[in-house]
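Below is one structure, written out as structure tokens; comments come after it.
Just so we're on the same page: letters track the sequence lines, and every chain starts at 1.
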Amino acid sequence: MTIQRPKGTQDLLPGPISKWHHLEQIIRSVCREYGYEEIRTPIFEATELFQRGVGETTDIVNKEMYTFLDKADRSLTLRPEGTASVCRAYVEDKLYAQALPVKLYYIGPMFRYEKPQSGRYRQFHQFGVEVLGADKPVVDAEVISLVWDIYRRLGLKDLEVHVNSVGCPTCRAEHRRQLRDFLAPRLGELCRDCQERYDRNPLRILDCKNPGCQEVSRGAPTTADTLCGDCREHFEEVQEFLTAAGVIYRLDPRLVRGLDYYRRTAFEVMVEEIGAQSAICGGGRYDGLVEEIGGPPTPAIGFAMGLERVLAALELQRVLPESEHGPFAVLVALGKEAEKQGFALLSSLRQAGVPSGMDFLGRGLKAQLKQADRQGARLALILGDEELKWKVVILRDLTLGEQTEVPWPDILATVKGKYEEEKK
RNA sequence: GUGGAUGUGGUGAAGCGGUUAACACACCGGAUUGUGGCUCCGGCAUUCGAGGGUUCAAUCCCCUUCAUCCACCCCA
């Protein structure tokens with residue numbers, strides 16, 4: 001067997017890659033409109049960053065990291081997510097010295113050692129945003145609104161934006177107490193995982209998918225029920241701002257995000273039809289993280305969007321534009337001299353912005369035309385001995401099947417004119 | 001990590017124990033040595049993911065292994 005790509009990775013080939021360009025282009029322009037600037041951090045980091053930043057109790061850290069030792073025995077890890085790196089850069093590059101808040105975005109590959117399935121890869125791509133240094137509810141709403149706008153611009157339908165507040169450490173402690181009290185009498189009815197969660201992190205029982213556990217936890221106190229005054233007020237204001245921005249959202253008291261660092265606002269965007277992995281975006285507030293990794297106390301909020309999943313949804317909903325590719329005009333040169341003259345013509349076409357090409361394999365007239373047709377070219381510019389003699393080029397329209405002779409001085413303008421007409 | 005499905009040419013696929021492995025598309029060549037798309041003709045898998053076993057005989061049965069897909073867990 002020949003060498004194949006590592007499990008859970010993919011080759012993005014020339015045709016389909018235009019979808020990525022489309023997606024990235026919309027992301028970048030919406031970010032520009034919202035005043036977010038791009039940051040690029042390394043694709044690998046000290047392992048400790050993720051252990052501390054993502055959380056020792058998470059699946060990501062416990063079983064999904066690509067960790068290796070380098071030649072000096074440093075433990076490094078391919079980044080499984082973007083937030084920890086951005087916070088590290090915020091601290092290390094002293095971005096807090098700038099006017100706050102700092103509004104950043106990133107796009108790039110992430111790596112998790114998981115078993116691949118539909119919508120899940122070992123190397124996948126995320127777009128994410130982080131706002132550091134602001135704790136006001138408007139910020140939360142702005143970030144969610146940015147996500148909303150990107151999806152709207154892309155033409156995605158049937159989205160569900162779920163919003164919740166998981167509170168601050170104080171209300172979480174209170175919630176935990178109430179939740180345990182509520183569940184205690186029926187502890188025996190929970191699944192094995194949830195029985196463990198009862199001790200470690202009862203919050204997670206709320207989003208267990210096991211029907212039995214859902215039955216038991218029905219009516220349980222939610223995080224939103226036990227918010228302290230400040231958190232409650234924060235959450236209410238977030239909702240008011242979301243409504244003001246025209247974001248259609250749903251309160252989801254069972255929404256609990258997986259990573260350890262979340263505080264207060266948590267949100268997720270789902271699309272049903274892409275398979276079991278229906279979350280295309282998840283995020284929330286993480287006011288303690290920057291301090292956790294050695295920076296100044298800094299409120300922060302962000303999200304990550306899974307680009308493969310967004311593309312899958314775009315594809316299923318057929319809202320991707322047709323890709324532009326292939327030459328508009330193809331030079332069909334017959335003979336050495338024609339090739340030289342033609343190459344000069346090609347060069348001027350390209351400088352004029354007309355995508356154009358020629359044959360490189362010494363094919364005959366017929367084969368060259370066939371090739372031009374296959375590449376989807378609109379025009380063939382035929383140049384042979386006859387045409388050299390009379391200083392003309394045969395300009396053949398491959399879709400109409402009509403052709404005319406055009407004198408050399410007029411060719412560039414004619415072809416360019418047709419190209420611009422077609423582009424309209 | 002656990003479970004299920006699948007692996008036949010570039011692609012989609014038939015065959016399911018027995019002499020030459022259907023068919024379609026794609027591709028290459030020709031009909032038409034200066035005109036593509038349509039049509040017609042011809043070519044295109046010593047081989048059925050890999051390794052082992054059963055058998056007189058295996059793409060078809062058994063074992064092992066690898067890969068892909070899907071689901072669980074969890075997440076984007």
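For B:G36, its base sits under 3.5 Å from the side chain of A:D373 at one donor and acceptor pair at least. Between the side chain of A:R374 and the base of B:G36, no donor-acceptor pair of N or O atoms lies under 3.5 Å.
Among the nucleotides B:C70, B:G37, B:A76, the one closest to any side-chain atom of A:S118 is B:C70. The side chain of A:R120 has B:C73 as its nearest neighbour among B:A67, B:C73, B:G34. For A:A276, whose side chain is taken as the heavy atoms from C-beta onward, the closest listed nucleotide among B:A76, B:U35, B:A71 is B:A71.
As a whole-Å value, the separation of A:K63 NZ from B:U2 P is 12 Å. With rounding to whole Å, A:D397 atom CG is found 16 Å from B:G37 atom P.
A sub-4.0 Å separation between OP1 or OP2 of B:A71 and a side-chain N or O of A:Q117 is present. Phosphate contact (OP1/OP2 of B:U2, side-chain N/O of A:K115, threshold under 4.0 Å): absent.
Annotation: B:A57 and B:A14 have their C1' atoms spaced 23 Å apart (nearest Å). B:C61 and B:C48 have their P atoms separated by 15 Å, with the value rounded to a whole Å.
Under the 6.0 Å distance and 45° angle rule, A:R122 counts as a cation-pi partner of A:Y113.
Of all nucleotides present, none satisfies the Watson-Crick or G-U wobble test against B:U32 with each distance under 3.5 Å. As the counterpart of B:G18, B:C56 is assigned, both hydrogen-bonding distances of the Watson-Crick or G-U wobble pattern falling under 3.5 Å. When both pairing distances are held under 3.5 Å, B:G51 makes a Watson-Crick or G-U pair with B:C63. The partner of B:U2, taking Watson-Crick or G-U wobble pairs whose two distances both stay under 3.5 Å, is B:A71. When Watson-Crick and G-U wobble pairs are counted only if both distances are under 3.5 Å, B:A45 pairs with no nucleotide at all.
With ring centers used as reference points, A:Y36 lies 6.0 Å or more from A:Y105.
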_Could you go through A:Q178 and A:D225, starting from their C-alpha distance and side-chain angles, then the distance that decides it, and tell me whether this counts as side chain to side chain contact (heavy atoms under 4.5 Å, CB included)?_
CA-CA 10 Å; A:Q178 291 192 22; A:D225 293 332; 5.7 Å; no
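Looking at A:R264, its side chain never comes within 3.5 Å of a backbone N or O of A:F235 through a donor-acceptor pair.
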